[in-house]
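Just so we're clear, the structure is a prediction, and the values are computed from it rather than from any experiment.
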Amino acid sequence: MNLRPLHLLLALLSTFGCAEPERSEALLKGFFDGASRYPLPEYALKGPAVMSCALWSDEAYLAPEGNPETRQGATQIVELFVEAGIPVWLLCRKSASESNLPPGLEALRGLIEAGKVVLIPHQLDAYADLDPGPWTQDYVPRALADRKGRYALVVTGYGGTNPQDEPILAVTRSAVDALVAHTQLSRIDAPFQMDGAMLTLLSMKAKTALLSRPGMALANGITQAADFEALEKAVKETFGLERLRSIDTLPGDDTYHLDPFLLVPAEGQVVLAELAQLSLMKRLIEMLVPRLDPGSELARYLDEVAQLPSDAAVEAQLAATTKALKELGIDPQTLRYAPVFHDHLPPRKLRSASGEVKLSWRWKSLVNVALVPAAQGSGKVAIPQYQAQELRPMLEALLPQGVEVESILAQIDEAFETRDTDAATTYVSLGYRPQWIDANNLTSICGAGWHCAVARLPESGSRATCTPNTTARRGRGFQ
């Protein structure tokens, strides 16, 4: 096999050079059609990191009581990228500027004034003071390259089924338009809807990827197998993939995303979740249920929790993912493992003797991390740090009088400490130095981690004049 063309491709991708702009839309479309498209996994992206100012704001989609910790953690993430020489682009409300910083961003003023952090406002007058959604991994366009080393951004849409969400969805879509315009890269509108975390690109060389079966079916309103096969074909064509496997996601995770249990840090390497046997809720149920009135609101809720997927179901899904990875050419010797906690509570507000209590205990993943590569030496990895104190208000309100809350919290913290050590060992073996960053309030919202809050662009995003700003392909949903 002649590897010279592949070596030339990789050289082009790593040393992007300016070419004369192609003004013909037909020519541009040809460059990115079929075999000439190369999907760019996260590890191949060398450009800016993209985050949302929503992580520093007081909007309704971020719990206000959690914002001080969330702001501090998000600021630490920004500082990690800047220290590594990677600029950070912040998607913001239309009214944002250096002289009118959104709430909470004062800590970044120095970096913004130095040009190391760039504000990119959306353009909707109707929602001038609303920030785009916090989970940039879901909606920031994915990147492609062609054989000449040029890049395109694939916009996959960002939607929802709740009419109350329309303002933030509209703002987020506008932010995507502003982001693409800022890069001046060519834009490809995918003929389907997809959260970015529903697709994990495994290999640029082999053009392989995993796709979330339940997430894609729901996002595109598909119920028939034949329609899903057509959707898979459209995904392959859009991203230039040669092999694609659709898999189920973790039982009980209603985001239907892959990043809570799957990470690709480099070509041929995969970090896969390993179930952490904490079983906190099972212990609490065993303790509480015998002491509760069977007809009480709490008893009914705990009965609902008891019906959630078992550990065996989670293990079975991780085994199925391992099988799919092997079928796509991932050598089992390259698999690494990091913990994910299975304990899961459907979000609910319940009344107790001390008043209303908000229950929130979601998937806790040490795979949902933000990788910060270094030009030389070891990079850093921002790992969500969880602490049992997050559960104190809930435990104090719900546990029967006389039950020692401190002993339960100590058991949970001990389990966290053991699993943190396991995760650190995994990432050190991959050449990353762990940076533990508080994620309790971030993850209590919807089970998200730091990976959900950071996206990357190709390096050409900072050299915008090197590529044309024309539209190669458009589509308003999968047909």
Side-chain angles (χ1 to χ4, degrees), residues 2-50 85-87 89 118 120 136 139-157 176-192 194 196 199 201-209 234-242 244 264 266-267 373 375 455-475:
N2 183 6
L3 296 179
R4 178 174 166 77
L6 179 59
H7 292 160
L8 290 174
L9 166 68
L10 295 175
L12 279 169
L13 294 179
S14 61
T15 59
F16 179 85
C18 294
E20 287 297 319
E22 299 287 350
R23 298 302 180 187
S24 167
E25 184 170 325
L27 280 175
L28 177 63
K29 186 175 187 297
F31 290 141
F32 286 101
D33 271 347
S36 66
R37 296 187 183 197
Y38 288 85
L40 295 181
E42 285 185 72
Y43 61 78
L45 300 176
K46 311 299 183 184
V50 183
I86 300 170
W89 292 0
V118 178
I120 301 180
T136 55
Y139 60 81
V140 165
R142 307 297 289 267
L144 296 175
D146 71 0
R147 288 176 175 171
K148 294 186 177 182
R150 289 166 294 191
Y151 300 103
L153 296 178
V154 180
V155 178
T156 58
V176 169
D177 293 339
L179 178 67
V180 174
H182 195 79
T183 66
Q184 295 188 16
L185 293 175
S186 57
R187 170 177 177 149
I188 299 174
D189 285 88
F192 48 78
M194 184 186 79
L199 177 73
L201 298 171
L202 298 173
S203 172
M204 180 172 63
K205 296 179 182 179
K207 296 187 174 185
T208 56
V235 172
K236 289 179 68 176
E237 291 178 349
T238 299
F239 290 99
L241 297 168
E242 293 186 359
L244 177 71
V264 182
E267 180 77 28
R456 293 291 302 275
L457 291 172
E459 60 183 335
S460 60
S462 60
R463 287 185 275 177
T465 58
C466 298
T467 53
N469 184 21
T470 57
T471 299
R473 180 174 181 175
R474 289 195 175 275

- side-chain contact (heavy atoms from CB on, under 4.5 Å) between Tyr151 and Thr183: does it pass, once the steps are laid out? CA-CA 10 Å; Tyr151 300 103; Thr183 66; over 6 Å; no
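Of all heavy-atom pairs spanning Lys46 and Arg456, the tightest one is C-NH2, 3.3 Å. The minimum heavy-atom distance linking Ile86 with Gly47 is given by the pair CG2-O, 3.5 Å. Contact detail for Leu153 and Pro458: the closest heavy-atom pair is CD2-CD, 4.1 Å. The shortest heavy-atom contact between Lys207 and Pro39 is CG-CD, 4.0 Å.
Here the CG atom belonging to Leu179 is positioned 5.5 Å from the CG atom belonging to Leu457, to the nearest 0.5 angstrom. Considering CZ of Arg142 and CG of Leu144, their distance stands at 9.5 Å, rounded to 0.5 Å. Distance OG1/Thr208 to CG/Leu241: 7.5 Å, rounded to 0.5 Å. With rounding to the nearest 0.5 angstrom, the OH atom of Tyr43 is 8.0 Å from the CG atom of Leu201. Atom CE in Met204 sits 6.5 Å away from atom CG in Leu40 (nearest 0.5 Å). Rounding to the nearest 0.5 angstrom, the gap separating the CG atom in Leu244 from the CG atom in Leu202 is 9.5 Å.
Under the 3.5 Å distance criterion, the side-chain polar atoms of Thr238 are left unmatched by any main-chain donor or acceptor of Val235. With hydrogens and angles disregarded, no donor-acceptor distance shorter than 3.5 Å links the side chain of Arg150 to the backbone of Ser186.
A donor-acceptor contact closer than 3.5 angstrom links the side chains of Ser203 and Glu267.
Aromatic ring orientation, Trp89 versus His182: perpendicular (interplanar angle above 60°, classes split at 30° and 60°).
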